[in-house]
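In what follows, a single structure is set out as structure tokens and then discussed.
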Amino acid sequence: MTKRSPLTYIGVGGVALALALSACAPKAGPNDDLSGVKYTLKSATAEPEVSFATPFAASTPTAHVIETGNGDSINDGDFVLVEAAVFNGANGKVAGSTYSSEPILLPINDQLKQAAPEVYEKLKEIKVGGSFSYSTNILQQRTASGTPTASTASPGTATNVEVYTVKAKLPKYATGTAQPADPSLPSFTLDESTGKAEIKLPDTKQDVTELVSKDLIEGTGPEVKATDTIYVRYLGVQYSDGKVFDGNYEKIPAALSLQGVIKGWTAGLTGKKVGSRVELIIPADQAYGNESANGSTPTGTLVFVVDILGAEENPQTLQRAQAASAAAASASGASTDAATATPAPSATAQ
């Protein structure tokens, strides 16, 4: 639920990072065996290392299981968080990585199967915690108008070596202990077989001047931090008339930074546990205000129900928040100094 628009978005899959980096490199005597690459994995807690004879030049899309993992199995319809590191096939150096930001939210579905069948098959072979590598000679490009196109690299052209580790599998919905309902608050129902969700307003509505954040289900996972990226399903309605303006219970989860959403989300979800279902009643001054910009945003007090399926720390977001906090503290200190730095009385003053 972003400040501008709470749109859900996701790429074709975990290969999005790799496809964006799959530029050609110089030709030479090729090495195209992923099983011959030396991998040093670090349990998805740090960027892996690889060693291979250069150039690496795949002659066809290919994938290799490095470790199968010992977590949950991965099936069609699942959503997994995947860490990725891409290594330049010409020189073996890191060309891109998710480890400095956040993992990729990847749906296991027909779209992935069609776009990258080798990736899809390896994901079905491994479990959570498992890793695989991938390389392809299919180059993804865009025309001047933005239309995606694909071409095959000429033989011997270096191709990237991509290493993926499945960090976690998201639950479909909130999991935990149901909490007592408050009849004065809007009620929520969800048909888990279809994903159809509904928020029903109480017959008598109270004036809302302060943020309400109530657990409907209390999860058992770690507490969410204000700088986390959270993976959520949610539904939002206007408190004035119950009109639904956004939601994704019937769609794919959303990955949202709590530093990039309305104030009511950041304040209301920070400290909540992963696995929780949280009801938020957000006054206008912590949402979009009382007037809509060109009718594109809801107005007034808003009601959300949010399933927190996962949370990941984003190092870049954390660093920006720490820098902003330090700058604010420095400015506050400078202001205090300026206010109190009056000349001391002269020792000879009478």
Side chains of Asp191 and Tyr249 only: does a donor on one sit below 3.5 Å from an acceptor on the other? no
Atom pair CG (Asn160) and OH (Tyr134), whose distance is rounded to the nearest 0.5 Å: 11.0 Å
What is the minimum heavy-atom distance between Ala267 and Leu211, and which atoms define it? CB-CD2, 3.7 Å
Looking only at heavy atoms, which two atoms of Pro103 and Tyr231 are closest? And how far apart? O-OH, 3.6 Å
Using distance alone, with no hydrogens and no angle criterion, decide if Thr45 and Ser43 have a side-chain donor and acceptor under 3.5 Å apart. no
Here's a test for you: under ring pair (Phe, Tyr, Trp, His ring centres under 6.0 Å), which of Tyr239, Tyr288, Phe304, Tyr234 qualifies with Phe245? Phe304
Quick one: CG on Leu34 to CZ on Phe132, what's the gap to the nearest 0.5 Å? 11.0 Å
Under a single-linkage definition using a 4.5 Å side-chain heavy-atom cutoff for Ile, Leu, Val, Met, Phe, Trp and Tyr, are Leu190 and Ile308 assigned to the same hydrophobic cluster? no
Taking C-beta and beyond as the side chain, do Ile281 and Thr301 meet within less than 4.5 Å on heavy atoms? yes
Could you verify whether a donor N or O on one side chain and an acceptor N or O on the other, from Thr165 and Glu83, lie under 3.5 Å apart? no
Given Thr299 and Gln238, is the side-chain contact (heavy atoms from CB on, under 4.5 Å) satisfied, shown in steps? CA-CA 7 Å; Thr299 59; Gln238 294 187 147; 3.7 Å; yes
Return the minimal non-hydrogen interatomic distance between Leu41 and Val163, and the atom names on each side. CD2-CG1, 4.1 Å
Can you tell if the side chain of Trp265 reaches within under 4.5 Å of the side chain of Ile282, non-hydrogen atoms only? yes
Starting at NZ of Lys122, measure out to CD1 of Ile66 and round the result to the nearest 0.5 Å. 11.0 Å
Donor + acceptor pair across side chains of Ser131, Tyr39 (<3.5 Å): no
Begin with the C-alpha distance, continue with both residues' side-chain angles, and end with the deciding distance and a verdict on side-chain contact (heavy atoms from CB on, under 4.5 Å) for Leu105 and Leu170. CA-CA 9 Å; Leu105 173 58; Leu170 300 180; 3.6 Å; yes
Please report the closest heavy-atom contact between Thr266 and Leu258, naming both atoms and the distance. OG1-O, 2.6 Å
Side chains of Asp215 and Lys272 in contact at under 4.5 Å (non-hydrogen atoms): yes
Supply the atom-to-atom distance Leu112 CG to Leu123 CG, rounded to the nearest 0.5 angstrom. 6.5 Å
Check Glu49 with Lys38, please: is the shortest side-chain N to carboxylate O separation under 4.0 Å? no
Restricting to non-hydrogen atoms, name the atom on Glu47 and the atom on Val94 that form the minimum distance, rounded to 0.1 Å. OE1-CG2, 3.4 Å
On a heavy-atom basis, the closest approach of Tyr99 and Pro48 is CE1-CD, 3.6 Å
Is there a continuous path of hydrophobic side-chain contacts, each under 4.5 Å between heavy atoms, that joins Ile217 to Tyr173? no
For Thr189, which residues count as a side-chain hydrogen bond (donor to acceptor under 3.5 Å, both in side chains) partner, sequence neighbours excluded? none
Distance in Å, Glu279 CD paired with Lys214 NZ, rounded so as to fall on 0.5 Å steps: 8.0 Å
Gap separating the OG atom of Ser213 from the CG atom of Leu280, nearest 0.5 angstrom: 5.0 Å
With a 4.0 Å cut-off on N to O distance, would you call Glu121 and Lys124 a salt bridge? no
